[in-house]
Structures are given as structure tokens and as C-alpha cells.
Amino acid sequence: MGTAGQHPAERGAPLALCVIGCGPRGASLVERILANVPALYGDRPLALHLVDPYPPGAGRTWHTDQPGLLWMNSAADQVTVYPDATVDCAGPPRPGPTTAAWLDGPLHDGAYAARRDQGRYLRRFFAEVTAAAPASVRLHLHRARAVDLRRTDDGRQEVLLDSGRPVRADRVVLAQGHPDVLPEPAPPGLLRIGPGPADPAALERIPPGAPVLARGLGLVFIDCLALLTEGRGGRFVRTPEGPLRYLPSGREPRLYAGSRRGVPLPPKPAPDPAGPSAAEEPARFATAAACRAALDRPGADFDRDLWPLFRAELGWWHYRALFAAAPERTRMTWPDFDAQYAVLVTDAGRLAKLAAAAVPDPADRLDLDRLAAPLAGRTFADSHDLQRQLRAHLVTTLRRRTGPAAGTERALVDALRRTGEIVEELWRAGDLAGTALVDALRRLALGTFLSSGPPPLRAAQLLALAEAGIVTFTGPDLRVTADRDAFRATSPAVPGTVHEAAVLLDARLAMPAPDRLADPLLRALWRRGELAPTPGGEGAALPRLDGPALHPVDADGAVHRDRFVLGPAQFPRPGANATALRQTDALARRLLTGG
């Protein structure tokens, strides 16, 4: 099952590749295929099929007709899709502009592009690279949805489209991005929206002034807030004292919002006034080589053998930034601290003692547990007590991420991104599996929480909305139930408080179980066992892959060597030897050589 049939050259036919999904990841792969064709495939004919119902390059998430109120959460000067000279890839580089350089105009909150403008950048990238395609490549764009993938009698594959005529291919790549989830029905008379990205049309169904329970306090929630407030005519104004104030239009709903942690994502730290560095320093302790050496130990355990390296990595970047930005808040020189830190790197207890001796104020020390769960173990007298304390928490968090401490916060966020990329590399290479993968994904949730927040202005707006009574927080460990009359939200941290509404907004991107996937192609492959779960994936639609080649492994353990799964990834950063670009280059070369 997992072996391709007769080679195209033996049939006298050109090699046919099919990429399903042509958003940023698919477009990056197309660029790498075209860049590698001259050296690896010469002037032999090649058919390249691209299947996506959305415009190529932008795809579903970055389509260019979405509201301008929806922003990116990555600074535009730190976003690229062009592989520059720092990318360690075998194919030729293709330098190009960042999003900020290409837009060459004002950005939201001084640093962030609207998503529709990012879509324009991506569509221009796709048009540029395909216009320069070698003459031997015939490009076929199918503005359709793939609904199934079957094997044919001659050993090839057939991609079935909802537009009718199927696509025949020798090698197929699944690059659909973050999977959508089938909506769950609501009881009659109640309205449920999501889970999934903010949907402007669905949000229009919420009546003005209606109470709404919101599950999730991340980026989807921030997007929904923008559409339900500014998008309905409300305005934010700056007071003489400085803080933002919200002037309602009267058309807003009232949102009662909570999540597992009960607090919103911290905003992205303010950009470095000196601008981004041209190149990026590598990891100090949690290098891929050090992690592989730890995994090679008999009975290797992620929490015991790898997490100390990652924790030390995060601490080192945090303290280096603190010593540089505020030496007056320390009792030791950086060279002395650095030398002792390197000796004690995997001894958490002694590292904590070193930090206490060198940094007198506990607020300046890195406490990952406190950052990961700010409300853990706390109980509030009532909802008013919770609102007061959460607003104070938002003020403090916003000050730390935009004020004098922003450099230390930036260092931690950058370190979290570095360690996340290393875990991704280890997983894709097959080094992380089973319980080690489960533990790694659990630890990675910390990085997502601390480093994936909105622009600072959006956090200030959320604070203004909370002060205006548009947003009421429900507390941590949110539980939502429903009956025929209403949805009800409770939190054990606020005993006796119940919030009720006829509308539930599932403001989150959930990783669904296979049978909840909205994509008909993925659902069919999972149903037939042609995709199988990653060991330890806890029921989520996270397919098992055969190491760095990205071949899917089916339920019987067979490897489908003519299929590839190119999962979603964060946008590459310029000058950073981005993992995502190294991955698409390696995959492009496998597609062309059959390796």
C-alpha cells in the first residue's frame, strides 16, 4: 500500500506532483520545488498541481477580503516567506522582503499588519515565484476542495475534487493548515458559534446587548472582541491620564469570558527600539544535539532529562536580559553569574539559589509556574472581587510588556520560540514519541501561552472593555453546561457564581478528534485508517509520521512513501535559519527525487 507504482519515466509521462492546500506552507513548498527543479530535475517535464478553493498564497486564513480589524500577532518586520542566506537548505536561497518592507506603510500599533494585507503579501509572493517557474514545469491551479484521495490500479493516486474531474498524481502533499472543526449543535433556541477562527458573518447573528458566554481568552477571542465592539461602531479614546477608554455604540453584546487559566494571553512585548537584529543567536543549552544526547540515555524521560535543559535555556535568556537592562537590580556581575549558571545548568534547586543570591527582588526572578498559571489555587469572594483583581493583573502584565521590563520579556518570548522550534525539529525527526511527546506538548503549552499573545494595543483595549463592563471574566477552570433554557458558565474559583446566556461563543482553535474534522479529505483518510494517531496524541487528529521525511504511517504500520504531511507552522523570521523553510526545502527535494 505504501509503495508508489511504476515510475513516471517508465510510463513515458511527466512526473506529477499534487499539493493540497496552497496557503503560506503550500506556497513556500511550491517556491522550493521551483527553486530546486533546475539542479535536481533538469529540463524534464514536470506537472505541478495545486488544489485549494481559496486564492493561492493567501489560502483560507489570510484571504484578502476579511475585515481590516483582524490583525496579525507577529510584528511585520519579523515575518517573511523568503528563504534568505541564513537558511541551512540544499536548494538555492531566494532573498526577499519582510511583510513590513513590502507593505512600506503605516502598521497597526506601530508594528502589526492587518491579516488581509499579509494575504496581499503572500499572493504577491506566489505570483512572483510562479512567474519565474522553469519552462519545463506546467502549473495547474485547481480552485476546488479535495474531498478524497484514492489509489489507482496503475499505482498512482487520484485526488477527488468537489468540482468534478479528479487529479492524477505520483506524489501528494497534504498542506491544509490548521484543521477546521465540525460545529457542535446547540439546544433548540440557543446559539453556538465556533470553535474556529473569528467568523464575521456568524458574529452578526448575536443581538445587540445580548449576554454571551465566551470560552477561550486567546487570539480568537481578541478577534471576536474587535468585530463585536469597534466593528459595531464603538470607539477607543485616550484619556488625559493616558489609559484607553471605551465609548460604546450600544450595539455591543455583553461578554462573560473564561478559560482553563482564566486570564488572557499576555500581549507581545513592545518591539525593540533598536530594531530587530540581522541574525539570531543559537540556543545555549537546549540545542538539538544536547536534546538528542539526553534522549539516547536508557529510559530517557522528557521531564527528567530534557525539561531541565529547556528550563535552563529560558532562564539564561531571561537573566542575561535583566543584567543588561537593569544591573542595579542585581548583586553580581554578569560574567560571574553566567559562569556559575553554566556549571549548575541542570540542577534546578541550585540554580534557584543562585538566582536568589544574584537577584534580590523575587518579582525579577523567572518563575515559570507562576507565569503559566497566575490564578492557580486562588479563590475569590465573588465576581466583583475577581474583576478587580484581574484588571489589576492586566495592568501589571501590560506594564511589564511595554515598559522598562519589556527587554526581559522579549528575551523570554524569543527563548520560548527557539525552544519550541527545537521540539518541533525533534518531533518531525522521529526523536520524540510516546510519553515523551505527550510531555513535550504539555510543556509547550507554556510557550504558546506566554509568547502567542496579541499586539499590546489589543491588550489595552481588552482592559478598557473590562472597565466599561462589556467584558466580565468568569474565572479559571471554566465549565460550561447547557439545558433547554440557557448555557451556564461556572468557575470553582468563584463559588456560587453562575453566568447564563442564550449564546455560546467558542473562541478557540481546538485540535479535533478525527471524526470532528471538517475537511472531508482528512476525515476520509482517518476513517479508512490511512492516517493514524501519533502515539500519545490523546485522541487528537495529530497524524503519525515516519520521521523527517513526513510520510504518514497508517493504522497497520505501513508507510505511505508517496504521500507527505506538511503541518502548519509559525511564519519564518528573517535571518533566523527558520525551521519551517528548512523543512519545505528538504520536502521539495524529496518530491523531485523520490527520496
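For reference, positions follow the sequence shown, starting with 1.
In this structure, the ring pair (Phe, Tyr, Trp, His ring centres under 6.0 Å) partners of F571, at least two apart in sequence or on a different chain, are W62. With sequence neighbours excluded, the residues forming a side-chain contact (heavy atoms from CB on, under 4.5 Å) with L478 are R215, T474, V480, A489, listed by chain and number. Contacts of R378 classified as side-chain hydrogen bond (donor to acceptor under 3.5 Å, both in side chains), with partners at least two apart in sequence or in another chain: Q389. By the salt bridge (charged side-chain N to carboxylate O under 4.0 Å, His left out) test, R235 is found to be paired with no residue, residues two or more places apart in sequence or in another chain being considered.
At distances below 3.5 Å, at least one donor-acceptor pair connects side-chain atoms of T584 with backbone N or O atoms of A580. Here the side chain of E252 pairs no donor or acceptor atom with the backbone of L225 at under 3.5 angstrom. The backbone N or O of V343 sits nowhere less than 3.5 Å from a side-chain atom of R350 that would complete a donor-acceptor pair. Panel note: side chain N577, backbone D88; a donor-acceptor pair is recorded below 3.5 Å. With hydrogens and angles disregarded, no donor-acceptor distance shorter than 3.5 Å links the side chain of Y246 to the backbone of G469. D477 contributes no side-chain N or O that, together with a main-chain N or O of S491, makes up a donor-acceptor pair within less than 3.5 Å. No side-chain donor-acceptor contact under 3.5 Å links R245 to the backbone of A464. Distance alone, capped at 3.5 Å, places no donor-acceptor pair between the D585 side chain and the L581 backbone. For the pair Q387 (side chain) and S383 (backbone), a donor-acceptor distance under 3.5 Å is present. Remark: side-chain polar atoms of Y319 are not paired, donor with acceptor, to backbone N or O of A358 under 3.5 angstrom.
The distance from atom OG of S28 to atom CG of L566, rounded to the nearest 0.5 Å, is 8.0 Å. Taken to the nearest 0.5 Å, the CZ atom of F302 stands 8.5 Å off from the CG atom of L426. In this structure, the separation between NE2 on H318 and CG on L368 is 9.5 Å, given to the nearest 0.5 Å. To the nearest 0.5 angstrom, L70 atom CG is 9.0 Å from R116 atom CZ. Atom CG of residue D414 and atom CG of residue D272 lie 9.5 Å apart, to the nearest 0.5 angstrom. Distance check, rounded to the nearest 0.5 Å: CZ of R261 to CG of L375 gives 10.5 Å.
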Check your understanding: side chain to side chain donor-acceptor pair (under 3.5 Å) between E313 and T419: does it pass, once the steps are laid out?
Key -> CA-CA 8 Å; E313 187 75 32; T419 55; over 6 Å; no
Exercise for review: For the pair L366 and L371, evaluate side chain to side chain contact (heavy atoms under 4.5 Å, CB included) and give the outcome as yes or no after the intermediate values.
Suggested key: CA-CA 8 Å; L366 183 62; L371 292 174; 3.8 Å; yes
Practice item. Starting from the C-alpha separation in whole Å, work towards a yes-or-no answer on side chain to side chain contact (heavy atoms under 4.5 Å, CB included) for L295 and L306. Key: CA-CA 8 Å; L295 286 168; L306 267 73; 3.7 Å; yes
**Study point:** Steps toward side chain to side chain contact (heavy atoms under 4.5 Å, CB included) verdict (R391, L463)
**Key:** CA-CA 7 Å; R391 289 197 296 268; L463 176 60; 4.1 Å; yes
Practice item. For R25 and Q583, run side chain to side chain donor-acceptor pair (under 3.5 Å): C-alpha distance rounded to whole Å, both residues' side-chain angles, the deciding distance at 0.1 Å, then the answer. Key: CA-CA 10 Å; R25 287 284 266 171; Q583 190 179 71; 2.2 Å; yes
Exercise for review: Apply salt bridge (charged side-chain N to carboxylate O under 4.0 Å, His left out) to E230 and R458, showing your working.
Suggested key: CA-CA 12 Å; E230 283 185 289; R458 288 298 196 216; 3.3 Å; yes
Point to revise | I222/N73 under side chain to side chain contact (heavy atoms under 4.5 Å, CB included): CA gap, chis, key distance, verdict | key: CA-CA 11 Å; I222 294 295; N73 74 317; over 6 Å; no
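Here the side chains of T80 and Y121 are in contact, with some heavy-atom distance below 4.5 Å. Put simply, the side chain of H393 reaches to within 4.5 Å of the side chain of P374, judged on heavy atoms. L244 is listed as a side-chain neighbour of Q461, based on a closest heavy-atom distance under 4.5 Å. For the pair E425/R292, a side-chain contact is recorded, criterion being any heavy-atom separation below 4.5 Å from C-beta on. The side-chain heavy atoms of Y112 and S74, taken from C-beta on, include no pair separated by under 4.5 Å. A 4.5 Å side-chain heavy-atom check between V263 and L390 finds at least one atom pair inside the cut-off. When side chains are defined from C-beta on, L398 does not count as touching R400, because their heavy atoms never get closer than 4.5 Å. Residues R401 and P456 have side chains not in contact (no heavy-atom distance under 4.5 Å, counting atoms from C-beta outward).
Counting only residues at least two apart or in different chains, ring pair (Phe, Tyr, Trp, His ring centres under 6.0 Å) contacts with residues 73-100 comprise Y82-F125.
A salt bridge between D338 and R284 is present, with a side-chain N of the basic residue lying under 4.0 Å from a carboxylate O of the acidic one. Note on R123 versus E128: no salt bridge recorded, every NZ/NE/NH1/NH2 to OD/OE distance being 4.0 Å or above. A salt bridge links D364 with R329: at least one charged nitrogen is closer than 4.0 Å to a carboxylate oxygen. A salt bridge links R115 to D223: one of the charged nitrogens lies within less than 4.0 Å of a carboxylate oxygen. Between R418 and E424 there is no salt bridge, since none of the side-chain N atoms of the basic residue sits less than 4.0 Å from a carboxylate O of the acidic one. The pair D84-R94 fails the salt-bridge criterion, with no side-chain N (NZ, NE, NH1 or NH2) lying under 4.0 Å from an Asp/Glu carboxylate O.
The side-chain contact (heavy atoms from CB on, under 4.5 Å) with F221 is formed by just one residue from the set L265, D506, L255; it is L255.
Counted within 6.0 Å of CZ on R442, heavy atoms from surrounding residues, nucleotides or ligands total more than 12; the atom is thus considered enclosed.
Nearest heavy atom pair, residue L227 against residue A198, reads CD1-CB, 4.2 Å. Of all heavy-atom pairs between P92 and A35, the closest is CG-O, 3.4 Å. In terms of heavy atoms, P572 sits closest to A578 at CB-CB, 3.6 Å. When all heavy atoms of A58 and P24 are compared, the closest pair comes out as O-CD, 4.1 Å.
A cation-pi contact, defined as under 6.0 Å to the ring centre and within 45° of the axis, is absent between R120 and W102. A cation-pi arrangement, defined by a distance under 6.0 Å to the six-membered ring centre and an angle within 45 degrees of its axis, is present between R443 and W307.
Between the side chains of T579 and R582, at least one donor-acceptor pair of N or O atoms lies under 3.5 Å. Side chains of R417 and Q78: a donor-acceptor N/O pair is absent below 3.5 angstrom, by distance only.
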Would you list the atom pairs, donor with acceptor, under 3.5 Å between side chains in residues 447-454 and any protein atom, with sequence neighbours excluded?
{"residue": "T448", "atom": "OG1", "partner": "L444", "partner atom": "O", "Å": "3.4"}
{"residue": "S451", "atom": "OG", "partner": "G447", "partner atom": "O", "Å": "2.4"}
{"residue": "S452", "atom": "OG", "partner": "T448", "partner atom": "O", "Å": "3.1"}

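In this structure, W316 and F285 have perpendicular ring planes: the angle between them is above 60°, well past the 30° mark.
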